[in-house]
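Structure record follows, encoded as C-alpha cells.
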Amino acid sequence: MADRLPPLKSIQYFSAAARLLSFSRAADELHVTHSAVSHQIKALEEWLGVRLFRRANRQVILTDAGQAYLKPVMEAFDRLGEASRQLKRRESAGPLTVSTLPSFAAKWLVPRLRTFRQEYPDIDVRITASEKLVDFARDDIDLAIRYGRGNWPDLLVDKLMRHDWFPVCSPALLTGTPPLQKPEDLANHTLLIDYDWREDAWAAWLTAAGVGQIRPNRTLAFNYSNLMIQAAIDGLGVALSPGALVGDDLAAGRLIRPFKTMLSTDYGYYLVAPAGAFERPKLAAFRDWIRREAAATAGS
C-alpha cells in the first residue's frame, strides 16, 4: 500500500498551497516554514514525475497537471474528513457498555454511577449484568468487570479490589433470641450462603476464627450475593459476604460485622478490556473513575 500512495505529508502541503496559490500562506496555515512547503512540493513532484506549480512573477500557479490533481485530492480530503466526523459522532453518541456480575452491579457499581454521570454527563452507560464470560471479539461489550485472580491472557487487566470475606448480619441478631455474641453462637443461627462462591467458605472462616466445625441451626442458600445480603438485612441469618459488596450497608447501619475475623483470599474484582480499548476517551474516563471509586472503597 505504501508504494502506491504518495507521501501524505506532501499531499497535505500541496492541497494547502494549491488552495491558497501561495507557498508562504500555506506555510502560515500549516505552521511551518516556507522552505518546508517548497521541499514537500518538490518531493511530491518527483514522486509523480510531473510539475504541479509554475512561478509567475511573485505568485505560483497550478500547471494543468496540478489543476487536474487538485480535484481528486480535495475530494479525498473531504471524504476523509467526513468519515472522521462520523466516527467521532458515533464514538460520542454510542453508549458505553459494561458487563459485570449481577451482585457486583446491584451492591457496588450501580449505587456509584451517580458520580460518573455527574462527571461525564455526555456519556451514556449501559450495564449488562451477567455471569457469562465476555468475548470482546464477538459480544457488543466495551469493558467488563470480572471476578477471579486476574489471569486473563491478551486482555488489559486492572485490579479494582480484593475479595475478602467476613460475616455480616442485621443489628437485631446481636440481642435476639438466641443472641449472637461470639462465633460459637453461629451454631444457633441460620447461615446464609452464596453457593456460587467457594462452598467451603464458611468452614474456612470458622477455622480462621478458631471455632472449628459447627453444625448450624440451618442454612439458606442463594445463587446471587445480593440476594444473600438482602436476606441478612432482613434478619434471616448471618451471611459470609465479600467486603466490597456490603460497604454501603455497613455504613448505613443496615448491617453490622459481629466478629472481626476476616478471611483473606487471592481473588478480587478486575476491570478488563481488549487491547487498545483505553485509547477511546470514554473508556479511559470510565477506567479513571472506577479506579478512584475502588480506591475509596478500599480505604473506607
Side-chain angles (χ1 to χ4, degrees), residues 1-98 115-125 136-137 140 142-143 154-158 271 273-292:
M1 177 66 73
D3 60 348
R4 293 168 50 195
L5 292 175
L8 296 184
K9 179 181 286 189
S10 296
I11 291 290
Q12 180 187 15
Y13 284 37
F14 163 74
S15 68
R19 281 188 296 103
L20 300 170
L21 291 177
S22 169
F23 286 10
S24 296
R25 291 171 62 191
D28 291 340
E29 180 179 286
L30 297 168
H31 304 290
V32 297
T33 64
H34 181 285
S35 62
V37 174
S38 179
H39 175 77
Q40 291 295 333
I41 297 299
K42 182 179 179 182
L44 181 60
E45 289 176 331
E46 290 177 351
W47 193 92
L48 293 169
V50 297
R51 292 285 300 276
L52 299 172
F53 293 93
R54 60 184 176 85
R55 291 188 176 274
N57 298 324
R58 293 188 175 183
Q59 64 179 354
V60 292
I61 300 174
L62 284 166
T63 64
D64 290 344
Q67 190 68 48
Y69 194 50
L70 177 60
K71 182 179 179 180
V73 165
M74 297 307 297
E75 289 176 348
F77 273 115
D78 288 343
R79 291 179 62 186
L80 179 60
E82 180 59 27
S84 300
R85 286 188 292 272
Q86 290 181 4
L87 182 60
K88 289 179 68 176
R89 283 196 297 268
R90 185 166 67 249
E91 168 64 19
S92 60
L96 169 66
T97 304
V98 181
T115 64
F116 182 81
R117 297 289 292 156
Q118 290 171 342
E119 290 185 43
Y120 305 99
D122 296 330
I123 300 178
D124 291 331
V125 179
F136 288 107
D140 186 18
D142 295 310
L143 302 171
D154 303 322
L155 293 177
L156 302 176
V157 179
D158 282 336
L271 180 68
F278 298 119
E279 296 173 7
R280 299 170 61 189
K282 64 184 178 183
L283 274 64
F286 187 88
R287 178 182 63 174
D288 293 342
W289 169 80
I290 199 170
R291 280 173 162 177
R292 294 197 305 271

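What's counted below: heavy atoms across the whole structure, side chains too, no hydrogens, waters or symmetry copies.
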Run the numbers on V60 and R54 for side-chain contact (heavy atoms from CB on, under 4.5 Å), then give the verdict. CA-CA 6 Å; V60 292; R54 60 184 176 85; over 6 Å; no
Check step by step if side-chain contact (heavy atoms from CB on, under 4.5 Å) holds for L143 and F278. CA-CA 10 Å; L143 302 171; F278 298 119; 3.7 Å; yes
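Here the closest heavy-atom approach between residue L30 and residue A16 is recorded as CD1-CB, 4.1 Å. Closest approach of A18 and L70 over heavy atoms only: CB-CD1, 3.6 Å. The minimum heavy-atom distance between L44 and P6, with the atom names listed, is CD1-CB, 3.7 Å. For H34 against A27, the heavy-atom pair with the smallest separation is N-CB, 3.8 Å.
Aromatic pair F286/Y120: ring centres not closer than 6.0 Å. Ring centroids of Y13 and F23 are separated by 6.0 Å or more, keeping the two rings apart.
The backbone N or O of D122 lies less than 3.5 Å from no partner atom in the side chain of R117, so there is not a single donor-acceptor pair.
Considering only heavy atoms from C-beta on, W47 stays 4.5 Å or farther from S10 through its side chain. Between E45 and V50 there is no side-chain heavy-atom pair separated by less than 4.5 Å. Side-chain contact between R287 and L271: present, with at least one pair of heavy atoms (C-beta onward) separated by less than 4.5 Å. Side chains of D124 and L96 form no contact here, defined as non-hydrogen atoms less than 4.5 Å apart. Residues M74 and S15 have side chains in contact (heavy-atom distance under 4.5 Å, counting atoms from C-beta outward). Considering only heavy atoms from C-beta on, I61 stays 4.5 Å or farther from F53 through its side chain. Looking at heavy atoms from C-beta onward, L20 lies in side-chain contact with E29 at the 4.5 angstrom threshold. Contact annotation: the side chain of Y69 never approaches that of T63 to less than 4.5 Å [non-hydrogen atoms, C-beta and beyond].
The aromatic rings of F116 and W289 lie perpendicular to each other, with more than 60° between the two planes, well past the 30° mark.
Looking at S35 and T33, their side chains do bring a donor and an acceptor atom within 3.5 Å of each other.
Looking at R280 and D142, a side-chain N of the basic residue comes within less than 4.0 Å of a carboxylate O on the acidic one, giving a salt bridge. Using a cut-off of 4.0 Å between Lys/Arg side-chain N and Asp/Glu carboxylate O, R51 and E46 are scored as not salt-bridged.
Taking CD1 of I11 as the start and CD1 of I41 as the end, the distance is 8.5 Å to the nearest 0.5 Å. Here CG of D158 is found 7.5 Å from CG of L156. Values are rounded to the nearest 0.5 Å.
By the 6.0 Å contact criterion, CD on E75 is enclosed, its count of non-hydrogen atoms from other residues, nucleotides or ligands being greater than 12. In the displayed structure, H39 atom NE2 is contacted under 6.0 Å by at most 12 heavy atoms of other residues, nucleotides or ligands.
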